[in-house]
Amino acid sequence: QILKRLIVIAIPITLGVSVFTLTSLIDTAMIMNQLAGLGYEEHVRSGMFGYLNRAVTMFNVPPTIVAAISVSVVPAISAALAEKHNAAAASTAKSALRITMLFSFPCAVGMCVLASPILQLIYNDSSYSFLLNVMALAVAFVTIVQTGNAILQSYGKVWTPVINMSIGGA
C-alpha cells in the first residue's frame, strides 16, 4: 500500500520536473536550427550557443538556492495538514513564498542591471550580456513557480504543477 501510494505521488512529481528538461532540450534544438536557418556556420552557432549557456548558468543560480526552500516546505506543510493544523500549513506556505520573493526579486534586478560585470567577473568576457539582462527578469517568476509547485504538491495537488509546467513549456 505504501509503495503504491509513493508511486502515485512520485510519477506526477517526476513528470513535472521532466517537463522542464524536455523544454530545455526543445529550446536547444530550436535555437540551433534557427541559427542554421539564418546562415551561421556550425562553429559560429556553437560559439553563440556557448554565450547563451553562460547566461543560462547564471540564471539558474537563484532557482538552485530556492530549491532548498521548496524541498523543505513540502514536509513542513504536509505534517501540518496531517495534524489538521490548516492555519500553520497556510502560514508556512505564505512564509515560503515571502522568503522566495525577498530573495529572488533582488537577484532578478541585480542580475539584470549588472549582467555585464557579472559575466566579466565569472567568465572574463561580457559579450552577449544582453542575454542575461533579458533572462534575469524571469528569475523571480521561475522561483515563485518553483516554490508554488512545492506548496501545491504538499497540499496533495500533485498533478496541478505538471499541467501548469506543460502549458508553460508549450
Side-chain angles (χ1 to χ4, degrees), residues 1-28 52-119 121-123 129 131-170:
Q1 285 287 356
I2 294 172
L3 180 60
K4 182 181 175 184
R5 194 161 178 219
L6 280 173
I7 290 172
V8 167
I9 292 171
I11 288 174
I13 292 171
T14 303
L15 287 174
V17 173
S18 298
V19 168
F20 178 75
T21 304
L22 181 62
T23 303
S24 295
L25 181 66
I26 292 168
D27 281 349
T28 300
L52 176 63
N53 277 336
R54 288 179 178 183
V56 169
T57 299
M58 296 309 301
F59 169 84
N60 284 331
V61 171
T64 301
I65 295 169
V66 169
I69 296 170
S70 299
V71 169
S72 64
V73 77
V74 173
I77 292 174
S78 297
L81 291 171
E83 295 173 356
K84 306 286 190 233
H85 296 134
N86 295 342
S91 176
T92 302
K94 288 177 188 176
S95 293
L97 285 169
R98 188 177 309 112
I99 291 167
T100 298
M101 287 188 281
L102 286 172
F103 173 75
S104 65
F105 278 78
C107 284
V109 172
M111 283 176 38
C112 182
V113 172
L114 300 172
S116 184
I118 290 170
L119 292 173
L121 176 70
I122 304 290
Y123 297 109
S129 62
L131 294 168
L132 185 56
N133 289 118
V134 173
M135 292 177 71
L137 298 173
V139 164
F141 303 107
V142 167
T143 55
I144 290 170
V145 166
Q146 184 179 14
T147 302
N149 285 348
I151 291 168
L152 287 167
Q153 290 166 353
S154 61
Y155 272 89
K157 309 242 185 255
V158 292
W159 284 103
T160 303
V162 175
I163 294 165
N164 290 343
M165 294 296 287
S166 297
I167 292 168

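Values below: all heavy atoms of this structure, side chains included; hydrogens, waters and symmetry mates excluded. Everything quoted here is computed from the prediction, not taken from an experiment. Counting begins at 1 with the first residue of the sequence.
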With side chains defined as the heavy atoms from C-beta onward, is the minimum distance between [X] and [Y] less than 4.5 Å?
X	Y	answer
Tyr155	Thr160	no
Val61	Ile65	yes
Leu131	Arg54	no

Within 6.0 angstrom of Phe141 CZ, more than 12 heavy atoms from elsewhere: no
Exam field: side chain Gln146 to backbone Pro63, donor-acceptor pair closer than 3.5 Å: yes
Qualifying side-chain hydrogen bond (donor to acceptor under 3.5 Å, both in side chains) pairs with a residue from residues 69-89, counting only residues at least two apart or across chains: Glu83-His85
Nearest 0.5 Å, please: how far is [atom2] in [Y] from [atom1] in [X]?
X	Y	atom1	atom2	value
Leu52	Thr28	CG	OG1	7.5 Å
Ile99	Met101	CD1	CE	10.5 Å
Leu97	Leu102	CG	CG	11.0 Å
Gln153	Ile77	CD	CD1	10.5 Å
Met111	Ser104	CE	OG	11.0 Å
Thr21	Ile26	OG1	CD1	11.0 Å

For Ile122, all residues meeting side-chain contact (heavy atoms from CB on, under 4.5 Å), sequence neighbours excluded: Met58, Ile118
Residue list, side-chain contact (heavy atoms from CB on, under 4.5 Å) with Leu15, at least two apart or on another chain: Ile11, Trp159, Val162
Shortest non-hydrogen separation from [X] to [Y] and the atoms involved:
X	Y	result
Pro161	Leu152	CG-CB, 4.0 Å
Ala108	Val139	CB-CB, 4.0 Å
Ser154	Ile151	OG-O, 2.7 Å
Ala150	Val74	O-CG2, 3.5 Å
Leu119	Ser129	CD1-CA, 3.6 Å
Ile144	Thr100	N-CG2, 4.0 Å

Phe59 vs Val142, side chain to side chain contact (heavy atoms under 4.5 Å, CB included): CA-CA, chis, key distance, verdict: CA-CA 10 Å; Phe59 169 84; Val142 167; 3.7 Å; yes
Residues Asn149, Val145; criterion side chain to side chain contact (heavy atoms under 4.5 Å, CB included); working and verdict: CA-CA 6 Å; Asn149 285 348; Val145 166; 3.7 Å; yes
